[in-house]
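A quick write-up on the structure given underneath.
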Amino acid sequence: MTSNTRVVVIGAGLAGVRLARRLGELGTPVTLIGEEEHRPYNRVLLAEVLAGRYTPEVIALPAPAALTRARVTGIDRGARTVECADGSKIAYDRLVLATGSNPVLPPLRGLFTPDHELPVGVHAFRTMDDCLGLSEAVRPGVKAVVIGGGLLGVSAARALAQRGAQVILAQQSERLMERQLDPSASKLVRRHLGDLGVEVHTDLRVRDVRCVGGAVRSVEMADGYALDAEIVVLACGVHPRVGLAQTAGLEVRKGIVVDDELRTSDPHIHAIGDCAQHDGNVYGLATPALEQADVLAELLAGRTNARYTGTRSLTRLTLAGQTAFDLAAFGETEALPGDDVVQLADATRGTYRKVVVRDDRLVGGVLVGELGTVGALARAWEGAEPLPDNGPLLHLLTNDGGS
């Protein structure tokens with residue numbers, strides 16, 4: 001690529017901003033297009049804004065100078081232009097889709113008004129506008145129902161409780177954060193929420209949203225039981241935002257399919273972050289998005305030996321406040337027949353550590369309460385090397401294991 005190559009990035013989230021910044025550092029000009037009115041921000045920290053711990057300014061990202069605020073409505077692959085809602089067109093030589101993901105809106109009766117809007121009091125929790133709208137609605141004693149018990153639902157429920165709301169968390173499956181945690185760790189998360197006053201219900205499917213005068217009043221369960229609600233938070237997961245790619249005729253499966261050079265089925269278009277699917281994986285996490293941005297920056301700057309081969313990423317959740325709570329999970333947290341498992345638990349202190357070993361390799365682990373050893377464990381897991389013969393696992397599970 002030459003210095004005259006026009007690189008356009010659609011999406012001003014973590015991945016897009018990281019890519020634009022790295023390209024700027026490498027001397028490659030770039031145009032970054034973002035549709036939100038707010039400064040680019042770290043979406044991972046929205047729950048801390050909702051809890052009142054951070055202001056929006058604290059989680060803002062250092063945006064590159066070449067930030068264009070526009071909503072892209074189409075891609076003309078033949079002309080190599082992107083079309084914006086205001087009628088303008090932006091030409092590219094290389095286009096990068098960093099469009100992120102959209103919240104999953106569950107198929108509940110009464111969820112939308114006749115104008116296809118969410119009723120007053122019902123909030124998704126994905127953008128800064130979602131966060132600010134929810135923050136305005138929260139007051140001490142308000143009745144809030146969070147639908148979804150994954151990472152986002154747990155974070156939202158805790159933030160609302162910190163703001164003084166009466167919070168009920170409704171999870172359809174049998175335990176909280178089931179994608180990341182084993183049953184023992186999940187119980188500790190549930191206990192922590194309970195200590196904050198959050199009422200947790202699992203194996204509970206929400207069927208209906210009841211409204212009066214366009215505002216939510218209750219949610220009804222599949223068994224007919226109703227929960228009073230002045231606020232409902234939809235935390236049912238996300239799905240890759242792939243509409244632009246699909247309309248442009250790019251290959252899309254779970255996400256926008258990319259190769260090791262993060263190229264789509266059109267060699268002039270790349271995709272990174274939550275919207276991208278690499279080697280069958282849609283990560284939906286910050287670390288892979290940042291790694292993809294770094295690799296693509298090298299490639300677009302002309303360093304042709306860079307490749308993205310996947311990310312072994314851990315999930316980490318730090319819930320700060322008067323009752324701090326930390327957890328980390330990586331790899332396979334549930335053992336298979338024949339695996340070796342080492343666990344340390346302290347019910348009094350609410351700490352729990354577990355690692356799973358298969359064929360002398362660390363394949364996964366989960367830590368709750370004290371994360372002093374997470375660095376050493378993550379390095380052993382990421383390296384995928386055989387563990388030494390002198391039995392270091394118990395050592396790794398203690399604070400002496402290093403960080």
Side-chain angles (χ1 to χ4, degrees), residues 7-20 22 32-36 40 42-44 46 71-75 77 82 92 94-107 124-127 130 148 150-152 177-180 234-300 306-315 329-331:
V7 178
V8 174
V9 181
I10 302 175
L14 275 175
V17 169
R18 174 69 159 248
L19 175 62
R22 290 301 305 275
L32 178 65
I33 304 174
E35 68 179 25
E36 292 190 53
N42 185 346
R43 201 177 308 276
V44 174
L46 281 177
R71 183 171 65 87
V72 176
T73 56
I75 301 168
R77 291 167 55 191
V82 297
Y92 68 85
R94 293 291 186 93
L95 177 64
V96 182
L97 301 177
T99 48
S101 53
N102 286 325
V104 172
L105 301 180
F125 190 44
R126 183 64 184 163
T127 68
D130 294 336
L151 186 63
L152 185 62
M177 294 182 65
E178 62 176 356
R179 289 182 57 189
Q180 295 90 8
L234 305 174
C236 305
V238 296
H239 53 78
R241 194 176 180 188
V242 298
L244 280 174
Q246 286 178 320
T247 303
L250 301 177
E251 183 182 0
V252 174
R253 295 177 191 168
K254 291 182 291 184
I256 305 168
V257 177
V258 297
D259 62 13
D260 287 357
E261 295 184 35
L262 298 160
R263 292 177 303 190
T264 68
S265 51
D266 182 330
H268 298 98
I269 303 178
H270 303 259
I272 58 174
D274 288 6
C275 68
Q277 176 181 335
H278 175 267
D279 195 24
N281 296 310
V282 177
Y283 290 100
L285 295 169
T287 300
L290 297 175
E291 290 185 3
Q292 290 169 4
D294 289 345
V295 170
L296 186 55
E298 298 279 320
L299 285 164
L300 294 179
R307 294 292 184 274
Y308 178 72
T309 57
T311 300
R312 294 168 67 83
S313 180
L314 63 81
T315 297
F330 56 92

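Owing to the predicted nature of the structure, the values given are computational and were not obtained by experimental measurement. Just the heavy atoms: all of them, side chains too, but no hydrogens, waters or symmetry mates, feed the values below. We number each residue from 1, following the sequence as shown.
Inter-residue side-chain proximity for Ser265 and Leu250 is flagged as met; some heavy-atom pair is nearer than 4.5 Å. Using a 4.5 Å heavy-atom threshold, the side chains of Leu300 and Val96 count as touching. Contact of the Pro106 side chain with the Leu234 side chain is registered, since non-hydrogen atoms from C-beta on lie closer than 4.5 Å. Considering only heavy atoms from C-beta on, Arg126 stays 4.5 Å or farther from Leu152 through its side chain. Side chains of Leu244 and Val82 form no contact here, defined as non-hydrogen atoms less than 4.5 Å apart.
Residues satisfying the salt bridge (charged side-chain N to carboxylate O under 4.0 Å, His left out) criterion with Glu178, sequence neighbours excluded, are absent altogether. Contacts of Arg307 classified as side chain to side chain donor-acceptor pair (under 3.5 Å), with partners at least two apart in sequence or in another chain: Glu261. Under the rule for a side chain to side chain donor-acceptor pair (under 3.5 Å), Asn102 has no partner lying at least two apart in sequence or in another chain. Residues forming a side chain to side chain donor-acceptor pair (under 3.5 Å) with Asp294 (at least two apart in sequence, or on another chain): Arg18, Arg22.
Once rounded to the nearest 0.5 Å, the distance linking CZ of Arg94 with CG of Leu299 reads 8.5 Å. Rounding to the nearest 0.5 Å places CG of Leu95 at 10.5 Å from CZ of Arg77. Here the OG1 atom belonging to Thr309 is positioned 7.0 Å from the CG atom belonging to Asp260, to the nearest 0.5 angstrom. With values rounded to the nearest 0.5 angstrom, Leu285 atom CG is found 9.0 Å from Leu314 atom CG. To the nearest 0.5 angstrom, Ile75 atom CD1 is 9.0 Å from Asp266 atom CG.
When all heavy atoms of Val282 and Asp274 are compared, the pair lying nearest together is CG1-O, 3.4 Å. Of all non-hydrogen atoms in Ala289 and Gly273, the two that sit nearest each other are CB-CA, 3.8 Å. Across Ile269 and Tyr92, no two heavy atoms sit closer than the pair CD1-OH, 3.8 Å. Here the closest non-hydrogen pair linking Arg241 and Thr99 is O-OG1, 2.8 Å. Contact detail for Val295 and Ala306: the closest heavy-atom pair is O-CB, 4.0 Å. Heavy atoms only, all atoms of each residue included: Ala98 and Ala15 are closest at CB-CB, 4.5 Å.
The closest donor-acceptor contact from the side chain of Arg179 to the backbone of Gly150 lies at 3.5 Å or more, if one exists at all. Looking only at distances, no side-chain donor or acceptor of Glu35 sits under 3.5 Å from a matching main-chain atom of Arg71.
Legend: ring-ring contact (aromatic ring centres under 6.0 Å, His included) pairs involving residues 247-283, not counting sequence neighbours, sorted by first then second residue: His278-Tyr308. Among residue pairs with one or both ends in residues 244-253, those qualifying as side-chain hydrogen bond (donor to acceptor under 3.5 Å, both in side chains) are Glu251-Arg253; sequence neighbours excluded.
Screening Val72, Ile256, Val9 for a side chain to side chain contact (heavy atoms under 4.5 Å, CB included) with Leu97, the sole residue that qualifies is Ile256.
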Between Glu291 and Thr311, does the side-chain hydrogen bond (donor to acceptor under 3.5 Å, both in side chains) criterion hold? Intermediate values first, please.
CA-CA 8 Å; Glu291 290 185 3; Thr311 300; 2.8 Å; yes
Where do Leu19 and Val7 land on the side-chain contact (heavy atoms from CB on, under 4.5 Å) test, with the steps shown first?
CA-CA 11 Å; Leu19 175 62; Val7 178; 5.6 Å; no
